[in-house]
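Written out below as structure tokens is the structure these notes cover.
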Protein chains: 2
Amino acid sequence: MKPIILTGDRPTGPLHLGHYVGSLKNRVDLQDSHDQYIIIADVQALTDNYDDTTKVRDNILQVTLDYLAAGIDPAKSTIFVQSELPELFEMTTYFMNLVTVARLERNPTVKTEIQQKNLEKSLPAGFLTYPVSQAADILGFKANLVPAGEDQNPMIEQTNEIAQRFNHIYKTDFFKPVKGMPGVAGRLPGIDGKAKMSKSLGNAIYLSDDADTIKKKVQKMYTDPGHIRIEDPGKVEGNVVFSFLDVFDPRKEEVAALKEHYQRGGLGDGTLKVRLTEVLNTIIAPMRERRAQYAQDPQAVLKICKEGSLKAQEKTRQTLKEMKAIMGVGL
Amino acid sequence: MKPIILTGDRPTGPLHLGHYVGSLKNRVDLQDSHDQYIIIADVQALTDNYDDTTKVRDNILQVTLDYLAAGIDPAKSTIFVQSELPELFEMTTYFMNLVTVARLERNPTVKTEIQQKNLEKSLPAGFLTYPVSQAADILGFKANLVPAGEDQNPMIEQTNEIAQRFNHIYKTDFFKPVKGMPGVAGRLPGIDGKAKMSKSLGNAIYLSDDADTIKKKVQKMYTDPGHIRIEDPGKVEGNVVFSFLDVFDPRKEEVAALKEHYQRGGLGDGTLKVRLTEVLNTIIAPMRERRAQYAQDPQAVLKICKEGSLKAQEKTRQTLKEMKAIMGVGL
């Protein structure tokens with residue numbers, strides 16, 4: 001039996017290169033060797049978008065297109081939509097008894113988000129408790145591996161705690177430890193040089209960007225503000241163009257030589273940016289092509305989600321049935 | 001269309017006379033004129049019994065027997081088990097976004113329970129949030145009326161707040177206000193004279209008590225400790241025997257005369273207790289008979305729960321479907 005992967009995204013906007021290196025690339029690489037379930041977490045997205053359901057619903061299609069564009073093969077990976085699986089919410093309810101309010105309030109990811117979104121004073125219960133729902137998403141598939149960005153580590157820790165507590169209370173070894181899996185590169189900076197590429201910061205290159213947009217974004221990219229004339233020596237650290245070349249350019253020796261030349265002086269940003277534009281287009285052009293093809297038939301794409309959801313539901317139904325038998329719950 | 005009732009109990013122990021006057025009697029009286037759903041809230045019971053699921057499961061049968069004994073007719077009322085309806089937990093998840101953690105922490109019923117159960121330091125998330133789940137139980141049936149003890153008023157208030165918030169956020173009038181319905185009498189004291197009859201206080205007369213047990217419990221009943229000799233004047237206030245006669249004895253004029261006599265002096269506790277024992281047995285004897293009959297075939301009783309759950313699920317499935325359409329959630 002292949003090891004099981006559970007991974008996914010909140011459908012709140014198009015996916016960008018940060019998603020690609022953080023998780024998507026891994027998903028494409030692992031879909032042959034793993035039984036992979038990819039959740040479009042629309043219900044989790046509601047925890048801070050409950051008053052903007054149109055955005056969430058529209059992005060189910062967009063995110064699925066991004067998946068297919070990036071190379072997720074629906075014949076190998078099961079793409080599903082969270083709101084199609086009521087069993088996950090019943091599981092969440094059982095898990096809610098196994099975690100304290102104080103523990104949820106200590107979750108570093110949630111704490112940061114509460115600050116960022118200014119939710120301190122009117123924190124919705126659904127937002128505080130979404131890590132429990134996320135634990136149900138993972139444990140509902142009895143997943144072994146979660147390829148996700150490093151900011152998701154506290155969620156995986158929380159999931160393992162709930163799993164252990166379940167095993168302890170109900171004297172079972174039903175749930176096995178689940179492991180996170182870091183991306184193919186560390187955290188990708190935004191084109192403005194900020195630490196994180198993010199839609200809300202407006203500093204992202206999307207998998208759905210056209211060639212012209214990518215060119216323009218690379219041209220705007222933060223380099224070394226002290227590097228005024230071509231002959232000046234330039235800095236490589238914090239230079240986003242080099243950060244991207246490190247991640248995306250497979251010709252590592254050439255990149256090393258370019259860095260040396262840049263630091264020495266005599267290499268212009270323009271030359272580097274042309275190179276990076278080509279590198280990024282090499283990766284994104286085939287995605288663009290696949291996306292355009294799938295986008296011609298949105299109904300067929302949603303059918304992939306629908307069929308994936310039915311397949312995923314079989315799995316969570318079985319897990320819930322087993323869970324309830326172990327707990328001794330139900331008629 | 002008949003107005004809809006949602007009411008029920010946590011299956012954590014046998015039902016007693018406090019349940020009877022608080023809600024059960026109303027349910028029996030209203031089952032012809034209302035479309036009545038009675039929830040055996042086993043999942044809610046888990047919020048403080050997650051480590052004692054055997055008790056909860058065993059009491060599903062016992063509580064159903066109590067219902068049938070009390071005169072609930074499964075041909076008129078739908079008895080169902082909460083854990084059979086995953087839709088309720090999906091609804092709960094959506095409602096969790098519409099209520100703040102601070103609001104839940106202010107719930108007077110939950111606050112009192114947290115103190116009683118010593119949960120301050122390690123409050124399970126499931127316990128803090130169970131009123132949201134209860135709101136889903138009620139709103140899942142679009143209930144108009146909830147016959148329940150007065151201690152449930154804060155829950156009905158919370159439910160109406162969630163309903164209003166849903167209507168406001170999603171620009172709809174889908175949920176109508178739900179009303180509580182007080183019992184046929186005020187709060188019934190325990191046989192020890194304490195304010196509330198309760199299993200945990202060990203001061204209850206159960207609907208399943210046999211005649212001898214009822215006799216013994218009435219004999220132990222708190223009266224007036226100052227009423228030593230028969231000829232002494234006795235107090236009626238706080239005298240549990242009179243409290244019970246007020247509630248259960250239909251011969252109101254005779255009871256009024258007995259009170260006068262007691263206060264004047266010359267009427268012994270023994271005489272009153274014999275009368276009360278007869279009064280209670282008149283009510284409980286037919287219950288005992290029905291209970292014994294149903295108890296002969298536990299599988300048939302559980303079948304009532306199973307069939308009721310299937311019928312109830314149709315209703316909640318429909319509500320959830322409509323809710324999701326209004327919210328704009330789902331594929």
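Within every chain, numbering begins at 1; the chains are lettered A, B, ... in the order of the sequence lines, protein sequences first and strands thereafter.
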Proximal component of B:Asp42, with respect to chain A [non-hydrogen, under 4.5 Å]: side chain
Do other residues, nucleotides or ligands put more than 12 heavy atoms under 6.0 Å from the CD atom of B:Gln293? no
Between the OG1 atom in B:Thr93 and the CD atom in A:Gln44, the distance rounded to the nearest 0.5 Å is 11.5 Å
Which answer fits B:Leu128, side chain, backbone, both or neither, if we ask what part of it has an atom under 4.5 Å from a heavy atom of chain A? side chain
If only atom types and distance count, is the side chain of A:Thr53 paired as donor or acceptor with the main-chain N or O of B:Met327 below 3.5 Å? yes
Just so I know, are the side chains of A:Ser83 and B:Lys324 near enough to count as touching, which here means a heavy-atom distance under 4.5 Å? yes
Taking atom CD of B:Glu120 as the centre, does the number of heavy atoms from other residues, nucleotides or ligands within less than 6.0 Å exceed 12? yes
Nearest heavy atoms of A:Glu90 and B:Pro86, plus distance in Å: OE1-CB, 3.4 Å
Considering only heavy atoms, which portion of B:Thr92 lies under 4.5 Å from any heavy atom of chain A: side chain, backbone, both, or neither? neither
Which pair of heavy atoms, one from A:Gly330 and one from B:Ile60, lies closest together, and at what distance? O-CD1, 4.2 Å
Residues of residues 101-113 of chain A with a heavy atom under 4.5 Å from any heavy atom of chain B, in residue-number order, are A:Val101, A:Leu104, A:Glu105
A:Tyr50 and side-chain contact (heavy atoms from CB on, under 4.5 Å): which single residue from B:Phe166, B:Phe95, B:Tyr170 fits? B:Tyr170
Less than 4.5 Å to any heavy atom of chain A: does that hold for the side chain of B:Arg165, its backbone, both, or neither? side chain
For residues B:Met96 and A:Thr129, determine if any side-chain heavy atom of one lies less than 4.5 Å from a side-chain heavy atom of the other. yes
Side chain to side chain contact (heavy atoms under 4.5 Å, CB included) for A:Tyr94 and B:Val43? Distances and angles first, verdict last. CA-CA 8 Å; A:Tyr94 299 130; B:Val43 179; 3.8 Å; yes
Against chain A, label B:Leu123 side chain, backbone, both or neither, depending on which of its atoms sit under 4.5 Å from a heavy atom there. both
Counting only heavy atoms closer than 4.5 Å, note whether B:Leu331 contacts chain A via side chain, backbone, both or neither. both
Heavy atoms from other residues, nucleotides or ligands near NZ of B:Lys176 exceed 12 (cutoff 6.0 Å): yes
Enumerate by number any residue of residues 6-13 of chain B whose heavy atoms lie under 4.5 Å from heavy atoms of chain A; in the absence of such residues, state 'none'. none
So how far is it from B:Tyr130 OH to A:Asn97 CG, rounded to the nearest 0.5 Å? 12.5 Å
Would you find more than 12 non-hydrogen atoms of other residues, nucleotides or ligands less than 6.0 Å from A:Lys55 atom NZ? yes
Does any heavy atom of chain A fall under 4.5 Å from the side chain of B:Leu98, the backbone, both, or neither of them? side chain
Name the member of B:Leu320, B:Val329, B:Val81 that forms the most heavy-atom pairs with chain A at distances under 4.5 Å. B:Val329
Please determine, among B:Leu46, B:Ile169, B:Val56, B:Asp51, the option with the most heavy-atom pairs under 4.5 Å with chain A. B:Leu46
